Amino acid sequence: MTTQENFGSVGTARVKRGLADMLRGGVIMDVVNPEQARIAEDAGAVAVMALERVPSDIRRDGGVARMSDPQMIKEIQATVTIPVMAKARIGHFAEAQILQALDVDYIDESEVLTPADEVNHIDKWGFTVPFVCGATNLGEALRRIGEGACMIRSKGEAGTGNIVEAVRHLRTINKAIRMLQMADESELFSMAKDLQAPLPLVLEVAATGKLPVPLFCAGGISTPADAALVLQLGAEAVFVGSGIFKSDDPERMAKAIVEATTHYQDASVVARVSTGLGAAMKGFETATLEQRLSERGW
Amino acid sequence: MPRLGILALQGDVREHQATVKSLGLDALAVRTPQQLDEVDALILPGGESTAIAHLLVTSGLREPLAARLKDGMAAFGTCAGLIALSAEVLDGRSDQWSFAALDVAVRRNGYGRQVASFETPIDVEGLGFVPGVFIRAPRIERWGADVEFLASHNHGDGEHPVLIRQGAVWGCSFHPELTSDNQIHGLFLGHAGF
């Protein structure tokens, strides 16, 4: 946190977490060029994630996946009025410094890119720009929050179009939160040890029954029904990666997922927007995957 | 007893609900025209103004809400909610529309992108200082004679209003709902007859 003259404090936890609050109930879409960014904004996306290849293409191409070219990020910033996010490799704080210098609105320290550090994540407290990080369980989520993450997204399995891992991770996180709520106070110390999570955050979750930052869902959402499913399982917003621009009709799919996310409690709306959408992305059976991106992160 | 609603299409609806609850009130989440019919006053939350504008159209709320505002319904918009209520949006999308319930022009992200988002105490008429949380906040740059200022802020280039009202409609550039201070909500609700 720094003070700019006398005009106010920037980079506070409240303004960083607050932007995540503003995105709740919305859809954040992966885009690889300004045209896709325009389609996403037209469809009602609350933010776009600017990246060079969507996860399914990263999966197909192999090789090292890195931060996107700043030129592409700038073009997308110039095209849309909604927040623009971008991904840095796990532990690659120099990529994060570049993204902050580019004025991106959120950095995703993402397992979709090839990790740069197999021990340490980025120390996110030192940045003015807020970070979102992935998690597969509560301990991982709280470790990321301890490092300064201001939004958690359940990881799912990016680029598969298969919702099964997202469901597993959301249920795992929420079940662990319920167990903390039910525990006797004297048991929370040992539970913090088992979770490998900072004790103050464990105590906070036990008291409030929710994460200290918003919990969004990513990794495998490819239909309006998928969005309605994860929101009913407790996700507060959704990231859609390959699911939109790898579908038959991206404009319609994008609009349909946005409407399903707002009206997830009303199955008649989800049914209407799901009707005649054309094919969703083809997708993968996760049991046969060679590379599980969700296992990256420590 | 009048009934309060919160537009619940997208954004920080939960924080507004918690704030009005701390004042002893319940608010109906409004997502459909039928739900709008049930309320006498409406809070428009923070969120992404383009997404909320899109969802107002797809949910069929745009025309009925415009009609209610024209009829004088009390409304309070914070951040994206202020943008939706304003007469003119600068630096928005070319096709961005708004309800024109407040005779002001607002500039989207007028205080900068997220890295420029800031907190500062704001002196509100009749309340004293309250915490001001500005997130990619809209800046009120032009206003008509009927617009009353309740608070303003100087961000290094002159005073700009940050909390305003015009008749029964209130707008705020920042997010009182993100703090535990419920006085601005209390002031609005008092004027709205709650």
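None of the values given here were measured: they were computed from a predicted structure. The figures that follow rest on heavy atoms only: side chains count, while hydrogens, waters and symmetry mates do not. We name chains A, B, ... by the order of the sequence lines, and we start the count at 1 in each one.
Looking at B:Thr179 and A:Arg14, their side chains come closer than 4.5 Å, going by heavy atoms from C-beta outward. Side-chain contact check for B:Gln10 versus A:Thr261: every heavy-atom pair is 4.5 Å or farther apart. The shortest distance between side-chain heavy atoms of B:Cys79 and A:Met22 does not fall below 4.5 Å. The side-chain heavy atoms of A:Glu259 and B:His54, taken from C-beta on, include no pair separated by under 4.5 Å.
Distance CD1/B:Ile135 to CG/A:Asp105: 11.5 Å, rounded to 0.5 Å. In this structure, CD on B:Glu119 lies 3.5 Å from OG1 on A:Thr12, to the nearest 0.5 angstrom. In this structure, OG1 on A:Thr81 lies 6.0 Å from CD on B:Gln96, to the nearest 0.5 angstrom. Rounded to the nearest 0.5 angstrom, B:Asp12 CG and A:Leu19 CG are separated by 11.0 Å. To the nearest 0.5 Å, the span separating CD on B:Gln114 from CD1 on A:Ile107 amounts to 11.0 Å.
Among all heavy-atom pairs drawn from B:Val115 and A:Val104, the shortest one is CG1-O, 4.2 Å. Closest approach of B:Ala116 to A:Val10, counting heavy atoms only: O-CG1, 3.9 Å. Nearest approach of B:Ala51 to A:Ala45, heavy atoms of both residues: CB-O, 4.0 Å.
For A:Phe93, the CZ atom counts as loosely surrounded, since its 6.0 Å shell holds 12 or fewer non-hydrogen atoms of other residues, nucleotides or ligands. The local environment of CD in B:Glu141 is crowded, with over 12 non-hydrogen atoms from other residues, nucleotides or ligands closer than 6.0 Å.
By number of non-hydrogen pairs under 4.5 angstrom with chain B, the leading residue of A:Gln100, A:Glu41, A:Lys255 is A:Glu41. Chain A forms more heavy-atom pairs under 4.5 Å with one residue of B:Pro45, B:Ser49, B:Gly47 than with any other, namely B:Gly47. Heavy-atom pairs under 4.5 Å with chain B peak, among A:Asp42, A:Val27, A:Leu23, at A:Asp42.
The parts of A:Val84 that come within reach of chain B are both its backbone and its side chain, each placing non-hydrogen atoms under 4.5 angstrom from that chain. In this structure, chain A has a heavy atom under 4.5 Å from the backbone of B:Phe134, while its side chain stays farther away. With a threshold of 4.5 angstrom between heavy atoms, B:Arg93 approaches chain A through its backbone and through its side chain. Neither the backbone nor the side chain of A:Asp266 comes within contact range of chain B; no heavy atom of the residue lies under 4.5 Å from a heavy atom of that chain. Looking at B:Asp95, neither its backbone nor its side chain comes within 4.5 Å of chain A, counting heavy atoms on both sides. For A:Ala43, the part lying under 4.5 angstrom from a heavy atom of chain B is the backbone only. Both the backbone and the side chain of B:Arg113 come within contact range of chain A, judged by heavy atoms closer than 4.5 Å. Interface remark: A:Glu236 contributes side-chain atoms only to the contact with chain B (heavy atom separation under 4.5 Å). For B:Leu9, the parts lying near chain A are the backbone and the side chain together; criterion is any non-hydrogen pair under 4.5 Å.
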